[in-house]
Amino acid sequence: MALDKTEYSMSAAEKMSNGAVGRNKNGVRVDRLDGHVHQNGSVKKEKRRPFIESFEKIPLLTAATTFIGFHLILLMGYITSIIFTPKVAREKNRKGYVPLYDRFESFYSRYVYRRLRDCWNIPICSCPGSEVTLKDRVTHDCGWTFEYTGTRSTALNLGSYNYLGFAQAEGSCSEDSAVKIKELGCATASPRIEFGTQKIHQELEALTAKFVGMEDAITFGMGFATNALNLPSIVSKGCLVVSDEKNHASLILGLRLSGATIDVFKHNNMESLRQVLHSAVIKGQPRSHRPWKKILIVVEGVYSMEGSIVRLPEILELKRQYKAYLYVDEAHSIGAIGRNGRGVVDYFGVDPKEVDILMGTYTKSFGSAGGYIAGSKAFIDHMRVNSHANCYATSMSSSCAQQIISSMKIIMGMDGTNEGKKRINQLARNSRYFRRRLNQMGIITIGNNDSPVVPMMVYMHSKIASVVRRLKTNNIAVVGVGFPATPLMEGRIRFCLSAAHTKEQLDNALVHVEEAADFLGLRYSRKRRSKEPVHYSDSESEVE
Amino acid sequence: MVGKYIQIGERNCLNLGTNNYLGMIENPEIEKSALECLSHYGVGSCGPRGFYGTTEVHLDLEDKLAEYMKCEEAVVYSYGFSTIASAIPAYAKRSDVIFVDEMVNFAIQKGLDASRSQINYFKHNDMEDLERLLMEQADLDRKNPKKAKRTRRFLVAEGIYMNTGLMAPLPKLLELREKYKLRFFLDEAISFGTIGKTGHGLTEHFNIDPSEIDMISGSLENSIGSIGGFCVGSHFIIEHQRLSGLGYCFSASAPPLLMAAAITALDIMQRDPSIFQTLRDNSTFIHSQLSSQLPSDLRVHGHPESVIKHIRLANPSGDKVADEQLLNEIVDK
């Protein structure tokens with residue numbers, strides 16, 4: 001993606017960086033992202049990593065049918081609401097009060113969402129590993145109420161965030177956690193700054209800092225709260241935050257609570273980011289035109305709804321140029337991508353200290369709960385005193401902390417085995433294999449080839465529910481996402497691969513997905529489909 | 001373990017600093033049920049409630065809480081702070097009005113910020129001030145009846161205030177609620193499991209039917225000795241949070257072992273109501289002893305039965321820095 005040369009002049013050295021757009025057919029962009037290291041005026045040839053992302057556009061006919069379909073659903077809901085009385089409880093003893101809910105909101109949740117309600121909130125009765133036991137339930141009245149049938153069914157789990165397969169009830173991690181519960185109890189009932197800091201928290205912080213490659217780290221009991229309660233201590237009124245349009249709700253909440261000015265740039269679009277930064281630096285604060293106190297770029301490592309990976313080297317280049325700070329939320333990328341599982345900085349081979357603030361959660365790849373923020377020692381010392389979560393929210397449970405310590409040691413190879421390496425390779429292999437097989441079927445998947453999240457586009461709301469139900473009868477548990485979590489026309493099924501999945505399990509799933517694709521018409525892709533068999537071998541993984 | 005005694009450096013001190021009101025943290029039954037759950041479910045739940053993060057344990061806990069508080073439904077969050085901070089913005093939006101006590105805790109303040117509504121603070125536990133604000137709002141409504149029909153009005157109070165140790169005058173608040181048609185949210189983070197003959201909170205203490213209050217929110221981190229929070233109320237109100245509570249929908253569900261610990265704690269609370277009498281006796285004893293034995297320049301604040309006691313300077317000099325220095329010296333001694 002060449003930077004626009006008319007806006008400012010680039011030095012000869014800069015012109016050689018960031019490659020040019022390769023072929024641009026059907027939304028596939030093959031870029032060559034190389035770290036530009038200059039030696040005597042020439043670019044040192046570094047190992048080139050192909051950055052293959054695909055965002056194939058929706059076919060026009062599908063867009064039209066999705067649009068019409070959605071409005072038909074609304075119309076049917078409206079007619080139903082007039083003819084039949086709703087079974088939902090009405091408010092008691094509140095006559096004369098202003099209605100609590102918005103009319104459209106309650107209509108949507110009762111007459112549109114309710115009909116598809118059985119696809120979400122499915123209760124489980126076992127550990128969410130590669131296979132999960134679901135509690136069966138039926139609805140006899142189109143989704144108003146559910147009844148448990150008393151039976152259970154085991155399904156392949158393609159919905160839980162279990163990237164490295166640490167969601168296990170047996171194994172060294174669980175045993176260590178059990179020991180810690182007996183020693184330290186379940187909770188501390190106190191915020192960190194009062195009496196909630198135990199030795200295990202300090203051990204965890206030191207280990208996390210070592211894992212991500214930063215000077216120091218601070219941990220919190222909940223991943224969502226890590227973003228929402230710490231961003232107000234980092235930025236305040238008079239600061240500018242440039243955030244990606246697809247950022248997570250916790251980031252948006254944290255930024256809103258901070259009072260800073262927020263500017264949004266198009267998802268993963270470096271030209272849009274450059275324009276926003278450029279105009280911010282030139283114009284300054286809204287009325288006074290004074291320079292901003294600081295500019296913070298907030299992005300995520302792997303976007304869980306799109307499956308895309310952030311373009312880190314390009315953002316670092318822009319950050320250096322415009323003297324902005326960078327905050328990367330690695331909730332889905334820590335442990336899941338990178339040669340050693342250390343996240344986006346490891347994936348791109350960048351020095352972690354170039355990113356100012358690295359944030360992540362322990363829920364996905366470590367099979368525990370909680371979040372962390374890592375950065376320089378001075379920054380973390382500031383957070384220890386000023387973070388809202390540190391001062392007012394309870395500290396992490398010791399069992400969760402121990403689970404993280406055990407699993408992190410395995411990933412780092414500190415337990416003396418190569419179990420960690422095996423898991424990272426397995427995950428990379430699974431992600432690439434699954435995505436290539438889906439593409440071969442003609443199904444549109446979006447996002448980066450290396451991301452462990454594979455969203456399969458189905459577009460229509462009714463198809464989201466049909467695919468989820470159909471795959472459930474074939475004992476495959478998947479997750480469907482639609483409006484309002486995604487744009488209106490872009491309903492999708494999101495597969496989350498795991499290192500615990502074997503090739504046989506994936507092949508079985510793919511057989512059923514292909515059946516569903518034929519039955520429901522999901523082969524939307526207009527790209528040429530290769531007939532060569534997709535290999536499942538080490539040479540396919542990103543580890544070279 | 002941070003229980004009755006706490007080890008700081010070399011010294012073993014009596015613990016008067018953590019929120020372990022019923023001593024559940026050292027209870028062996030709770031430890032046993034947590035270990036059992038760990039051997040079945042592992043540690044983390046690996047997903048939000050909507051995407052295979054709902055286990056049987058979560059559903060059990062919600063049913064038990066609803067039954068315990070005599071309400072229709074309960075919703076459980078994975079962190080105490082996020083509970084009230086997500087619950088308030090789920091109902092109150094930009095065009096609404098919220099009346100809240102000025103001494104509410106930090107989590108409620110964050111919830112109010114996130115809701116973007118117009119906030120009216122009334123003086124701490126001062127019902128006349130609240131009535132004055134309500135009458136002003138009623139005047140505004142009379143001038144603009146069309147807008148008044150769309151503006152929702154909320155009242156937020158805490159059972160026992162973390163910042164002062166005093167109890168909210170619940171009967172008077174309910175009277176005002178009825179008169180001015182407000183929606184009442186009560187945060188019982190501290191009063192749940194500590195006040196009332198059998199620990200049901202402020203509603204039991206004042207002998208009021210819990211359904212009079214629109215939503216009661218509580219914490220599993222204080223009396224129950226686990227991690228998390230919950231909201232109870234009628235089905236009509238609580239169901240809404242399952243789709244609009246940010247901390248519920250966009251966050252991983254709580255680790256099942258902590259939920260199992262909470263269920264066991266609730267069972268203990270129901271089985272053995274004498275612990276509440278012991279707690280109440282301890283609180284009133286400390287209050288009376290502190291009131292009589294403290295030196296004259298210190299005073300104890302807080303309701304006699306409250307588990308939170310504040311010791312303050314009897315005559316604050318007005319200079320925050322000097323006062324803090326003096327208090328630090330006292331603490332170090």
Side-chain angles (χ1 to χ4, degrees), chain A residues 89-92 96-98 100-101 109 120-125 127-128 132 135 157 159-162 167-169 174 177-178 181-190 194-195 221-225 248-250 253 256-257 363-364 367-369 388-389 392-394 397 399-400 403 477 479, chain B residues 1-3 6 17-20 25-26 30-31 34-35 38-47 49-52 54-56 59 78-82 91 106-107 110 113-114 149-153 181 183 221-222 225-227 234-237 240 243 246-247 250-252 255 257-258 261:
Chain A
R90 291 210 179 274
E91 263 205 295
K92 298 180 193 119
Y97 283 66
V98 177
L100 191 53
Y101 306 128
S109 97
W120 291 282
N121 294 299
I122 301 173
I124 64 175
C125 329
C127 193
V132 68
K135 202 168 168 185
N157 188 357
S160 292
Y161 303 138
N162 180 23
Q168 294 166 309
S174 310
S177 306
I181 293 182
K182 291 189 199 131
E183 192 185 310
L184 296 172
C186 285
T188 56
S190 178
E194 293 174 13
F195 294 109
M222 184 190 186
F224 184 94
H248 190 254
S250 56
L253 179 63
R256 269 183 39 202
L257 286 175
T363 333
K364 284 95 187 171
S368 179
H388 299 162
Y392 297 101
T394 341
S397 160
S399 53
C400 296
Q403 163 80 14
V479 146
Chain B
M1 228 186 273
V2 184
I6 181 172
T18 63
N19 303 330
N20 181 20
I25 287 184
E26 290 173 306
I30 292 192
E31 193 185 289
L35 288 170
L38 171 62
S39 63
H40 186 66
Y41 284 102
V43 176
S45 58
C46 298
R49 287 292 293 262
F51 303 156
Y52 306 106
T54 306
T55 61
E56 281 185 311
L59 297 174
S78 56
Y79 210 42
F81 194 104
S82 323
Y91 302 100
F106 195 74
K110 286 292 126 187
D113 282 341
K149 276 218 188 89
R150 289 190 315 260
T151 313
R152 292 179 282 256
R153 284 165 281 264
K181 306 254 182 294
R183 305 258 179 202
E221 291 166 3
N222 301 330
S226 180
I227 295 191
S234 64
H235 176 81
F236 182 80
I237 301 220
H240 181 73
L243 279 180
L246 286 180
F250 293 105
S251 169
L257 63 98
L258 296 170

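All of these numbers come straight from a predicted model, not from anything done at the bench. Below, chains carry the letters A, B, ... as their sequence lines are ordered, and counting in each starts from 1.
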Next item on the list: Mind checking the CE-CZ spacing from Met222(A) to Phe81(B)? Nearest 0.5 Å is all I need.
Entry: 11.0 Å
Item checked: Toward chain B, the part of Ala225(A) with a non-hydrogen atom under 4.5 Å -> side chain
Checklist line | Partner chain A: residue of Gly80(B), Cys46(B), Gly44(B) with the largest heavy-atom pair count (under 4.5 Å) | finding: Cys46(B)
Notebook entry, point to check: Where does Gln168(A) contact chain B at under 4.5 Å (heavy atoms): side chain, backbone, both or neither?
Noted result: backbone
Checklist line | Partner chain A: residue of Asn222(B), Asp113(B), Asn20(B), Leu243(B) with the largest heavy-atom pair count (under 4.5 Å) | finding: Leu243(B)
Checklist line | Part of Ala114(B) lying under 4.5 Å from any heavy atom of chain A | finding: both
Check: Which answer fits Glu194(A), side chain, backbone, both or neither, if we ask what part of it has an atom under 4.5 Å from a heavy atom of chain B?
Finding: side chain
Margin query: Between Cys186(A) and Ile227(B), is there a side-chain heavy-atom distance shorter than 4.5 Å?
Written below: no
Note to self: Quick check on Arg153(B) against chain A: is it the side chain, the backbone, both or neither that has a heavy atom closer than 4.5 Å?
What the structure shows: side chain
Item checked: Ile237(B), part contacting chain A, at a heavy-atom distance under 4.5 Å -> both
Item checked: N/O donor-acceptor pair under 3.5 Å between Arg152(B) side chain and Leu100(A) backbone -> yes
Next item on the list: Give the member of Ile122(A), Thr363(A), Thr394(A), Asn162(A) that has the highest number of heavy-atom pairs under 4.5 Å with chain B.
Entry: Thr394(A)
Next item on the list: Please state whether the side chain, the backbone, both or neither of Ala178(A) comes within less than 4.5 Å of a heavy atom of chain B.
Entry: both
Check: What option among Ala389(A), Cys400(A), Ala393(A) has the most heavy-atom pairs under 4.5 Å with chain B?
Finding: Ala393(A)
Margin query: Need one label for Ala477(A): side chain, backbone, both or neither, based on atoms under 4.5 Å from any heavy atom in chain B.
Written below: both
Notebook entry, point to check: What residue, out of Ser109(A), Ala249(A), Gly223(A), Ala369(A), has the most heavy-atom pairs lying under 4.5 Å from chain B?
Noted result: Ala249(A)
Margin query: Less than 4.5 Å to any heavy atom of chain B: does that hold for the side chain of Ser397(A), its backbone, both, or neither?
Written below: both
Notebook entry, point to check: Which atom names give the shortest non-hydrogen contact between Pro128(A) and Tyr41(B), and what distance separates them?
Noted result: CD-O, 4.2 Å
Check: Top residue by heavy-atom pair count (under 4.5 Å) with chain A, among Gly50(B), Ala34(B), Gly47(B)?
Finding: Gly50(B)
Next item on the list: Give the minimum heavy-atom separation between Ile181(A) and Glu31(B), together with the two atoms involved.
Entry: CG2-CG, 4.0 Å
Next item on the list: Between chain B and each of Ser174(A), Ser250(A), Gly159(A), Pro123(A), count heavy-atom pairs under 4.5 Å; write down the option with the most.
Entry: Pro123(A)
Next item on the list: Measure Ser39(B) against the heavy atoms of chain A and call it side chain, backbone, both or neither at under 4.5 Å.
Entry: backbone
Item checked: Proximal component of Leu38(B), with respect to chain A [non-hydrogen, under 4.5 Å] -> both
Note to self: Quick one, Arg150(B) and Val98(A) - any side-chain contact, counting heavy atoms below 4.5 Å?
What the structure shows: no
Checklist line | Nearest-0.5 Å distance that lies between atom OG in Ser177(A) and atom CG in Leu257(B) | finding: 8.0 Å
Notebook entry, point to check: Taking all non-hydrogen atoms of both residues, which atom of His248(A) and which atom of Phe250(B) are closest, and how far apart?
Noted result: CE1-O, 3.3 Å
Item checked: Minimum heavy-atom distance between Ser226(B) and Ala187(A), given as atom pair plus value -> O-CB, 3.6 Å
Notebook entry, point to check: Going by the angle between their ring planes, with limits at 30° and 60°, are His240(B) and Tyr101(A) parallel, tilted or perpendicular?
Noted result: parallel
Margin query: Under 4.5 Å from any heavy atom of chain A, what part of Ile6(B) do you find: side chain, backbone, both or neither?
Written below: side chain
